[in-house]
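Side chains included, hydrogens not; waters and symmetry mates left out as well; all remaining heavy atoms used. Just follow the structure's listing: the first ligand is 1, and inside any ligand the first atom is 1. One-based numbering along the sequence shown. Every value quoted in this text rests on a predicted model; they were computed, and no experiment measured them.
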Amino acid sequence: MKISFYDTKPYDKIFFDKENEKYGYEIRYYETKLSKKTAILSKDCTAAVAFVNDDIDEDAISALNELGVGLIAMRCAGYNNVDLKAAEGKIKIARVPVYSPHAVAEHAMAMLLTLNRRIHKAFLRTRDYNFSLNGLTGFDLYGKTVGVIGTGNIGSAFVDICTGFGMKVYAYDIIKTNNKAEYASLDKIFSECDIISLHCPLTKDTYHIINDESIGKMKNGVYIINTSRGSLIDSQALLNGIISKKIGGACLDVYEEETEIFHEDFSDTTNKDELLVQLISMPNVIVTSHQGFLTKEALEKIASVTLKNISDYSNKRTLENEVFSKKIIKSGSKVPF
Ligand code: NAD
């Protein structure tokens, strides 16, 4: 059985080849992303494996459908880049709902510690034999208040980490499932928290949840962490908040226009995303390239669940990780609704 695999990186191949020893599928690895133009590469394939920044719109889905591909196996949890409505009745969509919530939660804390203790600056200074401490003052996380928006798998892991640091945690979710978190209104989180971390999916309700208005309600010097989806934050409003010093710093593992940028090397190009360039140039903004998931444990789980999804589909077993059309919106879209 043949499988097309889009947006392949060397680390994907290592973990999928190992897991595929159990199945013996013919996996055709492609570096290109899945889109209407590249769907043709799935000719003769039963399933296509895709990732967060592939452009799986109506045209791409129709093209795959015409080629006889029956399943798009997302090797990630989020699927806001898939037009689920267009897929209905044409092609099944599966995902990896949970791989390692700890990987992303730990990355969020790593970014917070880096920002707060200026590790990014200290690292560069000492490499230059500069041992000055000026400008590196942070604050104790112990005793500070953190607001966690979204207390699913990752948000809950982040709540545990913050509790371990002796922080006070306020949480907001539309479903209150974490019995260790103290739930509060969004307004309370915006107005009382020293740090706000986003762990909810991108939906119609959460699009630009961090905007001029919500930033206006926040404490001066607030830190904002986003390891979830870029469009949860209005990037221009964030930049304005950083420039005006309303916001004390931001940790971004995702960016609303990341689709064509993240996971690739553009160091030699001059035509860059102006807003991202400005954000990166700020001393108190840390950007990583959607790497929260990138741990050995997460990659092993992603490979095993993705290939099991394909096996379930091809053997006509119940596809337990199938996703269905609901109100998720397309990532990176400037006019979302
Ligand atoms: P999850 O489904 O376990 O949890 C999401 C939580 O958000 C749920 O509890 C849900 O009720 C809540 N939620 C939904 N709508 C909400 C709203 N309007 N306001 C507040 N909360 C709301 O998902 P998860 O595994 O914890 O992942 C969270 C997000 O992290 C994903 O949506 C994905 O976008 C992102 N993610 C990022 C990476 C990365 O590498 N940076 C990796 C995996 C997932």
Judged on heavy-atom distance to [atom], which of [options] sits nearest?
| atom | options | answer |
| --- | --- | --- |
| atom 16 (C) of ligand 1 | I174, V52, V98, D205 | I174 |
| atom 37 (C) of ligand 1 | V104, V148, I154, T227 | T227 |
| atom 30 (O) of ligand 1 | C200, A105, S228 | S228 |
| atom 36 (N) of ligand 1 | R229, H199, K204 | R229 |
| atom 12 (C) of ligand 1 | N80, D173, I149, L186 | D173 |

**Message:** Working note: Y6 + S42, criterion side-chain hydrogen bond (donor to acceptor under 3.5 Å, both in side chains); need CA distance, chi angles, decisive distance, verdict.
**Reply:** CA-CA 9 Å; Y6 289 89; S42 295; 2.7 Å; yes
**Fill in**
The answer for which part of D253 has a heavy atom under 4.0 Å from ligand 1 is side chain
**Prompt:** Which is it for T177 and ligand 1 at heavy atoms under 4.0 Å: side chain, backbone, both or neither?
**Reply:** neither
Looking only at protein heavy atoms, which one is nearest to [atom], and how far off is it?
| atom | answer |
| --- | --- |
| atom 4 (O) of ligand 1 | G152 CA, 3.2 Å |
| atom 40 (O) of ligand 1 | F293 N, 3.1 Å |
| atom 32 (O) of ligand 1 | P201 CA, 3.2 Å |
| atom 19 (N) of ligand 1 | Y172 CE2, 3.5 Å |
| atom 2 (O) of ligand 1 | N153 ND2, 4.9 Å |
| atom 18 (N) of ligand 1 | T206 CG2, 3.2 Å |

With a cut-off of 4.0 Å, which atoms of ligand 1 are near a heavy atom of [X]?
| X | value |
| --- | --- |
| T151 | 9 (O) |
| G292 | 40 (O) |
| Y99 | 42 (C), 43 (C) |
| H290 | 38 (C), 39 (C), 40 (O), 41 (N) |

**Request:** Please determine if K90 and E58 form a salt bridge, counting it only when a charged side-chain N lies under 4.0 Å from a carboxylate O.
**Result:** no
**Prompt:** Going by an N to O cut-off under 4.0 Å, is there a salt bridge joining K18 and E300?
**Reply:** no
**Request:** May I ask you to decide if the ring planes of F293 and H290 are parallel, tilted or perpendicular, using 30° and 60° as cut-offs?
**Result:** perpendicular
**Message:** Give me the atom names and distance for the closest heavy-atom approach of T306 to V96.
**Reply:** OG1-CG2, 3.4 Å
**Request:** Check whether more than 12 heavy atoms from other residues, nucleotides or ligands sit under 6.0 Å from atom CZ of R317, and answer yes or no.
**Result:** yes
**Request:** For K144, look at atom NZ and say whether over 12 heavy atoms of other residues, nucleotides or ligands are found less than 6.0 Å away.
**Result:** yes
**Message:** Determine whether the aromatic ring centres of residues Y223 and F139 are separated by less than 6.0 angstrom.
**Reply:** yes
**Asked** Between V49 and I310, does a side-chain contact (heavy atoms from CB on, under 4.5 Å) hold up when you go through it step by step?
**Response** CA-CA 9 Å; V49 176; I310 293 171; 3.8 Å; yes
**Asked** Do protein heavy atoms approach atom 23 (O) of ligand 1 to less than 4.0 Å?
**Response** no
**Prompt:** Within less than 4.0 angstrom of ligand 1, does T203 place any heavy atom?
**Reply:** no
**Message:** Testing K33, H263, E258, E264 one by one against N53 for a side chain to side chain donor-acceptor pair (under 3.5 Å), which residue passes?
**Reply:** E258
**Message:** Pair D160, K180 - check salt bridge (Lys or Arg N to Asp or Glu O under 4.0 Å), show working.
**Reply:** CA-CA 8 Å; D160 288 346; K180 288 187 254 168; 2.9 Å; yes
**Asked** Stepwise, does the side-chain contact (heavy atoms from CB on, under 4.5 Å) test hold for L319 with N309?
**Response** CA-CA 6 Å; L319 190 51; N309 286 342; 4.2 Å; yes
